[in-house]
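The block underneath contains the structure these notes are about, expressed in structure tokens.
Scope of the values below: all heavy atoms of this structure, side chains included, with no hydrogens, waters or symmetry mates. So you know, we letter chains A, B, ... as the sequences are listed, proteins then strands, and number each from 1.
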2 protein chains.
Amino acid sequence: MTSKEKNLYEAKAKVLKALAHPTRLWMAEQLSVGEMCVCEFVDQIDVDFSTISKHLSVLKQAGIVEDDKRGKQVWYKLKVPCVLNFMSCVEAVLASNAKEQAELLK
Amino acid sequence: MTSKEKNLYEAKAKVLKALAHPTRLWMAEQLSVGEMCVCEFVDQIDVDFSTISKHLSVLKQAGIVEDDKRGKQVWYKLKVPCVLNFMSCVEAVLASNAKEQAELLK
DNA sequence: TTGTTATTTGGCATAATAACCAAATATGTA
DNA sequence: TACATATTTGGTTATTATGCCAAATAACAA
């Protein structure tokens, strides 16, 4: 593998890694409906607001979301909505795993 | 968020996390062409064979690949090929990021 | 200015990952 | 049986990720 290829896989992995956390995945799905203010995330899950801010920062760094400051609030929205296309396949993986588990119990 | 929803996001994140490593992503892409023996991975990248085995184990645990032992060799193949559908979107994210970088330099 | 709200940032403790080496296991061959 | 090959597993260490708290910053209101 050339070093160029290596860099490409590292870049791709970074994008996936940004989504590969339950809270961030949830955030991305929430944003599929429309933009949200940081305060809305804070209201909906029970983690420290600084933690929420950092998760959003990871998504932003990866280029998945973008932010927009309006007054005291910061609004986030999906920049590349296709990331949610992943989900149907991820669910297919989970369904496949569940089926296999079920087979084992027969 | 209910605990059931939380479990679901954790399960989904686990699948994404399995792919969110440069080596494992590369492996998944290699497997899109067809099944491969562990020894073939060993020949193609410069990491310890035990490391390769562990990466394959992560992909297997996540339900993304399955293995098949034949003689001394173990062959891996994609179990849920749709995982590669991710890639076009990941590339779209990278392209978007690159474009933004370019804008900054103007 | 002072205070209040919204968000980010820095610091720290803890947990999870990753990579290597060595040892164990499994299979096939001499 | 003894040996070689292919792969997995266990152990160790270094790096990275996570989450909380406290402090800093920004915007607006009194």
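Applying the side chain to side chain donor-acceptor pair (under 3.5 Å) rule to Glu66(B) yields no partners; only residues at least two apart in sequence or on another chain are considered. Remark: Lys6(A) engages no residue in a salt bridge (charged side-chain N to carboxylate O under 4.0 Å, His left out) (not counting sequence neighbours). In this structure, the salt bridge (charged side-chain N to carboxylate O under 4.0 Å, His left out) partners of Glu91(B), at least two apart in sequence or on a different chain, are Lys12(A). Every residue two or more places apart in sequence or in another chain was checked for a side chain to side chain donor-acceptor pair (under 3.5 Å) with Asn85(A), and none qualifies.
In this structure, the separation between NZ on Lys14(A) and CG on Leu19(A) is 13.0 Å, given to the nearest 0.5 Å.
Residue Tyr76(B) is classed as a sugar-phosphate contact, given heavy-atom separations below 4.0 Å to backbone atoms only.
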Review item, side-chain donor-acceptor pairs of residues 98-106 of chain A, under 3.5 Å, at least two apart:
from, atom 1, to, atom 2, distance (Å)
Glu100(A), OE1, Lys79(B), NZ, 2.6
Glu100(A), OE2, Lys79(B), NZ, 3.1

Kindly list each side-chain donor-acceptor pair under 3.5 angstrom involving residues 33-43 of chain A, sequence neighbours excluded, with atom names and distances?
from, atom 1, to, atom 2, distance (Å)
Glu35(A), OE1, Arg70(A), NH2, 2.9
Glu35(A), OE2, Arg70(A), NH1, 3.2
Glu35(A), OE2, Arg70(A), NH2, 2.8
Glu40(A), OE1, Cys37(A), N, 2.8

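Contact of the Val93(B) side chain with the Val83(A) side chain is registered, since non-hydrogen atoms from C-beta on lie closer than 4.5 Å. Arg24(B) is not listed as a side-chain neighbour of Leu56(B), based on a closest heavy-atom distance of 4.5 Å or more. Here the side chains of Leu59(A) and Tyr76(A) are not in contact, with every heavy-atom distance at 4.5 Å or above.
Where DNA chain C meets chain B (any atom under 4.0 Å from a heavy atom), the bounding nucleotides read 5' to 3' are dT17(C) to dG28(C).
Scanning residues 5-40 of chain B for heavy-atom distances under 4.0 Å to DNA chain D yields Cys37(B), Val38(B), Cys39(B). A heavy-atom distance below 4.0 Å to DNA chain D is reached by none of the residues of residues 55-66 of chain B.
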N/O contacts under 3.5 Å, protein versus nucleotides 20-22 of chain D?
from, atom 1, to, atom 2, distance (Å)
dC20(D), OP2, Asp48(A), N, 3.2
dC20(D), OP2, Thr51(A), OG1, 3.4
dC20(D), N4, Lys54(A), NZ, 3.0
dC21(D), N4, Ser50(A), OG, 2.8

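Pairs engaging residues 47-81 of chain B under the disulfide (SG to SG under 2.5 Å) rule: none recorded [sequence neighbours left out].
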Evaluate the criterion side-chain contact (heavy atoms from CB on, under 4.5 Å) for residue pair Thr23(A) and Met27(A); output intermediate values, then yes/no. CA-CA 6 Å; Thr23(A) 301; Met27(A) 287 172 153; 4.2 Å; yes
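Within a 6.0 Å radius of CD in Glu10(B), more than 12 heavy atoms belonging to other residues, nucleotides or ligands are found. Residue-environment remark: CD (Gln61(B)) stays at or below the threshold of 12 foreign heavy atoms within 6.0 Å.
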If a protein heavy atom is under 4.0 Å from the base, mark B; if only from the sugar-phosphate, S; if neither, -; do that for nucleotides 25-30 of chain D going 5' to 3'. -SBS--
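The existence of a salt bridge linking Asp68(A) and Lys77(A) is excluded, since no basic side-chain nitrogen approaches an acidic carboxylate oxygen closer than 4.0 Å.
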